[in-house]
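Okay, structure first, notes after.
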Amino acid sequence: MQFEIVIIAAIIIFVLNYTGRINTNKFITDNTEYFRKLKEDDWDFLVKARYGDGVNPDILFTKRIQNAGIVLVLCLFIFISNFNYSTFLVSLIAAYLMFKSGYNSMKKYYKKHLNDIDSMLPHYLKSLEILIQHYTVPVAIGKSITDAPPIFREGLQEMINEINAGNDKIDPYMNFAKEYPVRDSMRMMRLLYRLSLGKQEHKQEQLLAFSKTISNLQQKARETRYKNRLDKMESKTMAMLITTGLGVMVLLIFAVLKMMSI
């Protein structure tokens, strides 16, 4: 009977939402300030790391809330005949797990592609050197946005807008580093800010120091990537050896048992 109730409830929720009798998007929009407290600090970065600037992190976050709400309602319908504090708590836990599943999926993708994503910023800054030789740092960044990795474009535009608005302190650079917490992002943004403060007559010397540091960070990223690949190959080799060894042992045991039965 409970299964039929869940099916009917799911159909009713779908029909009401489809016909506009209930509007979950409007409900979430009206209570945005409350739901934003549930939003993880690195959610926007993780979405941009996976999809670039083609996907709005807020839209995906809204879908997470909607899915969690649907799970909560369905669970309440499941326990409608035995509703108590424990079943309500179970429903909340199920909704929370559904809500977190989207974040965990993004986190898993980031960890899987960690080195590739982390290497994007030093690679971008390395390509920025050519423009910095001919322009000031803010102008060079502004001209490079269209060719920058999609993950950084929105953040770079926000940084340039803040600088152009008159903020000549380190804050725009640090805000970018916080929004995109890849490896050594704070250090790289400090270097870029210092380069922007340098006098024109010492620009070439400072640019060489900047270039050397970025090259070292690129080398560090490559070494980490190769190390991870080597560790992965070693683990696969070890797993293969263990599997082969167990297979040989099983065959030997069968052979000994067969000889004993003769």
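Hydrogens, waters and symmetry mates play no part in the numbers below; they use all other heavy atoms, side chains included.
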Does the ring centre of F99 sit less than 6.0 Å away from the ring centre of F61? yes
What's the shortest heavy-atom distance between [X] and [Y], and which atoms?
| X | Y | result |
| --- | --- | --- |
| A177 | S185 | O-OG, 3.4 Å |
| R50 | S105 | NH1-OG, 3.5 Å |
| G155 | Y180 | N-OH, 3.0 Å |

Any heavy-atom pair between the side chains of [Y] and [X] that's under 4.5 Å?
| X | Y | value |
| --- | --- | --- |
| Y51 | I151 | no |
| M120 | V182 | no |
| W43 | M106 | yes |
| L192 | I132 | yes |
| I160 | L156 | no |
| R187 | T213 | yes |
| L191 | L195 | no |
| S144 | Y124 | yes |

Same apolar cluster: [X] and [Y], side chain cutoff 4.5 Å:
| X | Y | answer |
| --- | --- | --- |
| L197 | V139 | yes |
| I65 | L60 | yes |
| V71 | V73 | no |

If only side-chain N and O atoms count, and only distance matters, is there a donor-acceptor pair under 3.5 Å linking D42 with Y110? no
Sequence neighbours excluded - salt bridge (Lys or Arg N to Asp or Glu O under 4.0 Å) pairs with any residue from residues 165-182: K48-E179
Considering residues, nucleotides and ligands other than D41, do more than 12 of their heavy atoms fall under 6.0 Å from its CG? no
L97, CG atom: more than 12 neighbouring heavy atoms under 6.0 Å: yes
Could you list all the side chain to side chain donor-acceptor pair (under 3.5 Å) pairs where at least one residue sits in residues 92-102, not counting sequence neighbours? E40-K100
Backbone of [Y] reached by a side-chain donor or acceptor of [X] within 3.5 Å:
| X | Y | value |
| --- | --- | --- |
| T62 | D58 | yes |
| N167 | I163 | no |
| R64 | G102 | no |

Residue pair Y173, V137: steps toward the side-chain contact (heavy atoms from CB on, under 4.5 Å) verdict: CA-CA 11 Å; Y173 298 87; V137 170; 4.0 Å; yes
With side-chain contact (heavy atoms from CB on, under 4.5 Å) as the criterion, how do Y103 and K39 come out once you've worked through the C-alpha distance, each side chain's angles and the decisive distance to 0.1 Å? CA-CA 9 Å; Y103 173 75; K39 190 176 179 180; over 6 Å; no
From [atom1] ([X]) to [atom2] ([Y]), nearest 0.5 Å:
| X | Y | atom1 | atom2 | answer |
| --- | --- | --- | --- | --- |
| L121 | M189 | CG | CE | 5.0 Å |
| I145 | R153 | CD1 | CZ | 10.0 Å |
| Q157 | F152 | CD | CZ | 15.5 Å |
| D147 | L128 | CG | CG | 11.0 Å |
| I141 | T136 | CD1 | OG1 | 9.0 Å |
| I70 | C75 | CD1 | SG | 12.0 Å |

If the condition is side chain to side chain donor-acceptor pair (under 3.5 Å), which residues does T87 pass it with, not counting sequence neighbours? N84
Walk me through whether N175 and M159 qualify under side-chain contact (heavy atoms from CB on, under 4.5 Å). CA-CA 8 Å; N175 291 338; M159 181 171 68; over 6 Å; no
